[in-house]
Amino acid sequence: MSTEFKSVGVVGAGVMGAGVAQSLASGGIEVVLVDVAPAALERAMKDVRDGLRLQRMLTKRVVDVDAVLARIRRSTDLEALGAVDFVVENATERWSVKESIYRRLDAIAPAACCFAANTSAIPITRIGALTGRADRVVGMHFMNPVPMKPVVEVIRGFHTSPATLEVAKALLAAIGKEGIVVEDAPGFVSNRVLMLTINEAIFLVHEGVAEAADVDKIFKTCFGHKMGPLETADLIGLDTILLSIEVLHESFADSKYRPCPLLKKMVDAGLHGRKSGRGFYPYA
């Protein structure tokens, strides 16, 4: 398998997809960003532009914003991925959506193309089984905000080949990130622990044990965390948190992963965190 990446497809133009596209384009790689919603593509480009300006301000490095943006081509059709070298999929955590995407991708993408699922909890082996190239399907769990995080959780599915792992790590190295390889299990390492922590923190608010700000303050001041669990939940998106914890609950059939009723209520109310303007905290 080749470790030269002329172009990489990014499926899904949400917060994660925009971050992945920014990281790839900043690394000099041509990106084809695909989303069914034109508005999402427009918003993603604005997010990338804002992210690049912030990066330039924080790092004091010269960043050619226009040049990076020019490397990102947008499309609402998966057919645009017919000639890419690699695909990173960032769609919602709903299985029905992923199933449809991977069946189509398998028919569209070049035979040698590898697929990386940027999923919070869905097993990579299950995703690979949707394709005729399970050996070329790998998990790449990027952390948010993508451009700022130096490490990516790389998940080896049952059929993922050593060559595919090397290609995945080479792509990450090309954009200045390290891949840590873990085995396939629902939630992998990071989210098996993180989603449970966030869910329990929400239970504390639900039960009146503490206010959200106090829960977060304890984690930041006592444990040195940069963000508390509820601030992290707002950043990730409460809708994504709920979908992820539901996958864990279904996969392990263990009551410790039962979603907190307050989490469900907030998602139903449209309080999804930063992206909606309000979650556990208000955002301008």
Side-chain angles (χ1 to χ4, degrees), residues 2 4-52 66-120 122 124 126-128 130-134 136-142 144-147 152 164 167-168 171-172 174-175 177 237 239-240 243 275:
S2 174
E4 291 186 10
F5 307 99
K6 294 179 180 178
S7 65
V8 172
V10 176
V11 178
V15 173
M16 296 302 290
V20 172
Q22 178 183 327
S23 296
L24 290 167
S26 295
I29 297 171
E30 298 293 325
V31 176
V32 182
L33 179 61
V34 178
D35 197 290
V36 294
L41 291 168
E42 291 296 328
R43 186 168 56 251
M45 295 302 285
K46 179 182 181 301
D47 289 346
V48 171
R49 182 180 292 276
D50 291 345
L52 290 168
D66 291 335
V68 174
L69 290 171
R71 294 190 192 103
I72 303 175
R73 178 163 64 90
R74 291 165 284 171
S75 178
T76 56
D77 191 348
L78 282 175
E79 294 286 345
L81 304 179
V84 297
D85 302 308
F86 197 99
V87 173
V88 181
E89 173 270 314
N90 312 270
T92 178
E93 294 292 278
R94 296 188 187 280
W95 176 250
S96 59
V97 174
K98 290 197 184 291
E99 183 176 22
S100 174
I101 287 172
Y102 279 95
R103 292 194 188 283
R104 288 195 62 204
L105 271 179
D106 198 34
I108 293 168
C113 182
C114 295
F115 299 158
N118 184 11
T119 174
S120 298
I122 296 175
I124 304 307
R126 188 181 184 193
I127 291 174
L130 297 171
T131 75
R133 62 181 85 191
R136 279 158 283 159
V137 177
V138 65
M140 265 191 188
H141 182 210
F142 289 85
N144 194 21
V146 176
V152 175
T164 297
V167 169
L171 177 62
L172 293 174
I175 58 174
K177 298 185 185 299
D239 53 339
T240 300
L243 287 169
K275 61 187 175 185

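Bear in mind that the values here come from a model prediction, so they are computed numbers and not experimental data.
- Atoms CG and OG, from L81 and S75 in turn, are 7.5 Å apart once rounded to the nearest 0.5 Å.
- In terms of modelled atom types and a separation under 3.5 Å, the side chain of K177 and the main chain of V146 share a donor-acceptor contact.
- In this structure, D35 and G14 approach most closely via the heavy-atom pair OD2-N, 4.4 Å.
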Check step by step if side-chain contact (heavy atoms from CB on, under 4.5 Å) holds for V11 and L78. CA-CA 8 Å; V11 178; L78 282 175; 4.0 Å; yes
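- With no hydrogens or angles considered, a side-chain donor-acceptor pair links E93 and T119 at under 3.5 Å.
- A salt bridge between D50 and K46 is present, with a side-chain N of the basic residue lying under 4.0 Å from a carboxylate O of the acidic one.
- Minimum interatomic distance between T92 and L243 (heavy atoms only, all atoms of both residues): OG1-CD1, 3.6 Å.
- Ion pair E30/R73 not flagged as a salt bridge, since none of the NZ, NE, NH1 or NH2 atoms sits closer than 4.0 Å to an Asp/Glu carboxylate oxygen.
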Under the side-chain contact (heavy atoms from CB on, under 4.5 Å) rule, what do L130 and W95 come out as? Steps first, then yes or no, please. CA-CA 11 Å; L130 297 171; W95 176 250; 3.6 Å; yes
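- In this structure the side chain of M140 reaches within 4.5 angstrom of the side chain of L172, judged on heavy atoms.
- T131 places a side-chain N or O within donor-acceptor distance of the main-chain N or O of G128, the cut-off being under 3.5 Å.
- Side chain of R133 to main chain of C113: a donor-acceptor pair is present (N/O by atom type, distance under 3.5 Å, no hydrogens or angles).
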Does the salt bridge (charged side-chain N to carboxylate O under 4.0 Å, His left out) test come out yes or no for D106 and R136, once each step is laid out? CA-CA 11 Å; D106 198 34; R136 279 158 283 159; over 6 Å; no
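- Between the side chain of N118 and the backbone N or O of N90 there is no donor-acceptor pair closer than 3.5 Å.
- V36 places none of its side-chain heavy atoms less than 4.5 Å from the side chain of T76.
- The pair D239-K275 meets the salt-bridge criterion, since a charged nitrogen lies less than 4.0 angstrom from a carboxylate oxygen.
- Residues D77 and R104 are paired through a salt bridge, judged by an N-O separation under 4.0 Å between the basic side chain and the carboxylate.
- F5 contributes atom CZ, which lies 8.0 Å from atom SG of C114 (distance to the nearest 0.5 angstrom).
- Between L33 atom CG and I72 atom CD1 the span is 7.0 Å, to the nearest 0.5 Å.
- Considering only heavy atoms from C-beta on, E99 comes within 4.5 Å of R103 through its side chain.
- Within the 4.5 Å cutoff, no side-chain heavy atoms of V10 are placed close to those of F86.
- Of the inter-residue distances, the one linking N144 atom CG with M16 atom CE reads 5.5 Å to the nearest 0.5 angstrom.
- Rounding to the nearest 0.5 angstrom, the gap separating the CD atom in E89 from the CD1 atom in I101 is 5.5 Å.
- In this structure, I108 CD1 and E79 CD are separated by 4.0 Å, a value rounded to the nearest 0.5 Å.
- By the side chain to side chain donor-acceptor pair (under 3.5 Å) test, S23 is found to be paired with no residue, residues two or more places apart in sequence or in another chain being considered.
- By the 4.5 Å heavy-atom criterion applied to side chains, V137 and I124 are counted as neighbours.
- Nearest heavy-atom pair, A174 versus I29, reported as atom, atom and distance to 0.1 Å: CB-CD1, 4.5 Å.
- The two atoms that bring L52 and S26 nearest to each other are CD2-OG, 3.5 Å, heavy atoms only.
- The heavy-atom pair separating I175 from G27 by the smallest distance is CG2-CA, 4.4 Å.
- Distance alone, capped at 3.5 Å, is enough to place a donor-acceptor pair between the D85 side chain and the K6 backbone.
- F115 approaches L105 most closely through the heavy-atom pair CZ-O, 3.6 Å.
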